[in-house]
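Structure, as structure tokens:
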Amino acid sequence: MTKHSTDLKTLLRDPSLLETRAFVGGEWVDAADGATFDVLNPARGDVIAKVADLSRAEVADAIDAAAQAMKGWAARTAKERAQVMRKWFDLMMENQDDLARILTAEMGKPFAEAKGEIAYGASFIEWFGEEAKRVYGETIPGHQSDKRLTVIRQPIGVVGSITPWNFPNAMIARKAGPALAVGCGFVARPAAETPLSALAMAVLGERAGLPKGILSVVTSSRSSEVGKEFCENHLVRKLTFTGSTEVGRILLRQAADQVMKCSMELGGNAPFIVFDDADLDAAVEGAMASKFRNNGQTCVCANRIYVQAGVYDEFARRLAAAVDKLNVGDGLEDGITTGPLINESAVEKVEEHIQDVLDGGGQVVTGGDRLGGLFFQPTVVKGVTDNMKVATEETFGPLAPLFRFETEEEVVEKANATIFGLASYFYARDVGRITRVQEGLEYGIVGVNTGIISTEVAPFGGVKQSGLGREGSRHGIEDFLEMKYICLSI
Ligand SMILES: NC(=O)C1=CN([C@@H]2O[C@H](COP(=O)(O)OP(=O)(O)OC[C@H]3O[C@@H](n4cnc5c(N)ncnc54)[C@H](OP(=O)(O)O)[C@@H]3O)[C@@H](O)[C@H]2O)C=CC1
Ligand SMILES: O=C(O)[C@H](O)CS(=O)(=O)O
């Protein structure tokens, strides 16, 4: 891999999108004490920016500003807010290439994939700008002749948002879209690894006409302090989080003290099942898409690949052949399909899972080795059994473990044997089997003969310990509204 420094500003058509100050109350600010934290390019290891490192007190200022700005923003009509959201969408798409280069530089995913994320993120801004115009109330036949009953829905209040590094644009957009569209104030704390994408979104949001203070981006290396401020500040009425189940539990415990409404999009352990009546080429294509998207660093990636005995060896052969065509490298360079992992611990987790398979008698079909830095060979292993770590732990990397199974009943039981319940996938052609399996899988999302399920028009979220609530779709707006029952006596 070529190792050279990243002069990101020279790569941008509009260098002003590369913002390193925090966005608080409509102002671009350095930390009061001048503190900064480094943002690294995971492909090259160099520091690409030094970003304002805010304290908890400065986060509180952003919350105050959001509460103040809400008064005017919520008073606008849904159509007026939608016009600003639409402008924001247009600006994100006009600046798609620059936003993608910033995203690739700080997170590592290849430029083409980063462009896809920008479009995916922008789609939530567009979708919820429109959806907010359809937040209807209701009238209810009175229980007494002198009573007139109505139900109205109003913005829940100031929203605190904590998002991960794996989708630095889309995970914020999937929350900010509905929250802002219905009139909420929104304070976003992006992961310390990837703050630049969020800041660039705020630059464009300001240009689109978001009023001062309604959106803040509070960059900070002190994630737990920010989380505590969100959970303890009584002006915050909603906490929305995407990340690990472990951190989700911490936040839920903290939010319980003020009975705060929470949305949680947490970890997964997706089964990917290939039955013997599957279209094997389609199943390989789906496995590649699901497993190796974002270098395996998504909560909906296939984490366990179950293949029915009759097609196990052929599927393994075809999958390995497809994996060998992946091109690992620096995502800012042309022709790269697979970037680096986000950090050293992510690489070590992949190595740990592979070694555990080998220690248990499994074998590497292809890959299995580091490539220097944070790069790792996309890997297929076979002979994987239920007692191995990869059966219960999310790898979050480019490892495709193949489990063999005999019967439909067996594999559905094994697929469900996890505390997680976010995404699941299977390939089959028998309609009876498809019906039984799609209904039997205990997951919030089931992909049938497809490995990619993510879209703004459908409800995204998990059951069991994969989360609370849904994001996207007409359902995704509900979490940012409160229902009010009005009983009028005439
Ligand atoms: N469901 C999903 O979409 C995702 C799931 N994951 C899962 O989480 C694992 C670890 O990934 P990672 O990014 O470290 O995910 P984390 O859950 O550790 O971090 C997610 C976000 O939460 C912040 N955070 C961490 N601890 C706290 C806290 N105590 N209070 C408030 N905020 C906190 C992080 O900030 P900071 O990074 O600055 O510490 C980051 O912004 C992955 O291996 C994967 O299993 C990860 C990303 C996305
Ligand atoms: O957190 C994630 O991994 C994303 O939610 C996955 S997706 O929505 O981009 O598919």
Side-chain angles (χ1 to χ4, degrees), residues 37 39 51 53 56 59 107 109 113 116-121 123-124 160-175 188-195 198 218-232 239-255 262-270 289-290 293-303 341-343 345-350 352-353 392-397 420-423 425 444-445 447 451-456 458-462 465-467 470-473 476:
F37 60 90
V39 180
V51 169
D53 194 351
R56 179 168 172 171
V59 174
M107 188 263 148
K109 71 178 71 175
E113 199 168 336
E117 181 183 339
I118 301 304
Y120 179 47
S123 74
F124 291 102
S161 164
I162 299 171
T163 47
W165 47 264
N166 62 337
F167 289 86
N169 175 291
M171 291 308 96
I172 294 176
R174 195 157 75 179
K175 302 169 187 302
R189 190 274 171 181
E193 293 92 339
T194 55
V218 290
T219 50
S220 175
S221 65
R222 294 160 268 186
S223 55
S224 59
E225 281 185 43
V226 176
K228 288 188 179 109
E229 184 59 31
F230 283 163
C231 292
E232 296 169 13
L239 177 66
T240 177
F241 172 71
T242 294
S244 64
T245 295
E246 177 193 353
V247 173
R249 292 192 192 102
I250 293 170
L251 292 170
L252 283 169
R253 288 192 197 100
Q254 289 175 181
C262 294
S263 296
M264 293 279 152
E265 200 276 292
L266 304 178
N269 182 359
S290 172
R293 173 176 172 240
N294 210 23
N295 204 4
Q297 299 173 115
T298 92
C299 59
V300 292
C301 281
N303 198 65
L341 289 163
I342 189 67
N343 55 34
S345 60
V347 177
E348 290 167 3
K349 189 168 187 185
V350 176
E352 177 194 355
H353 280 184
T392 55
E393 296 175 9
E394 197 178 23
T395 304
F396 233 64
F420 297 106
L422 185 55
Y425 310 86
I445 305 168
I452 295 290
I453 43 76
S454 305
T455 168
E456 77 281 10
F460 184 103
Q465 297 188 36
S466 283
R470 292 296 185 270
E471 294 187 327
S473 83

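The figures here come from the full heavy-atom set of this structure, side chains too, leaving out hydrogens, waters and symmetry mates. Both counts, for ligands and for their atoms, begin at 1 and track the order of listing.
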- Item | Selected option - heavy-atom contact closest to atom 27 (C) of ligand 1, from Val247, Leu422, Leu266, Val300 |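 Nearest heavy atom to atom 27 (C) of ligand 1 lies in Val247.
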Please report whether ligand 1 has a polar contact with [X], defined as an N or O pair separated by less than 3.5 Å (distance criterion only).
{"X": "Thr163", "result": "yes"}
{"X": "Cys299", "result": "no"}
{"X": "Thr242", "result": "no"}
{"X": "Gly243", "result": "yes"}
{"X": "Ser220", "result": "no"}

Open item on the list: Regarding ligand 2, does Cys299 bring an N or O atom to under 3.5 Å of one of the ligand's N or O atoms?
Closed with: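 Cys299 vs ligand 2: N/O contact under 3.5 Å present.
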When you compare ligand 2 with Gln297, is there at least one nitrogen or oxygen pair between them that comes in under 3.5 angstrom?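 No.
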Which atoms of ligand 2 sit under 4.0 Å from any heavy atom of Arg174?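 Contacts of ligand 2 toward Arg174, numbered from 1: 5 (O), 8 (O).
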Which atoms of ligand 2 are found less than 4.0 Å from any heavy atom of Ser454?
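That gives atoms 7 (S), 8 (O), 10 (O) of ligand 2.
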Note to self: Against ligand 1, does Arg189 come closer than 4.0 Å with any heavy atom?
What the structure shows: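 Yes, that is the case, since the closest heavy atom of the residue is under 4.0 Å from the ligand.
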- Going by heavy atoms, is Phe167 under 4.0 Å from ligand 1?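 It does not; every heavy atom stays at 4.0 Å or beyond.
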Task: Nearest neighbour in protein (non-hydrogen) for atom 9 (O) of ligand 2 - done: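 Minimum-distance protein heavy atom for atom 9 (O) of ligand 2 reads Arg293 NH2, 2.8 Å.
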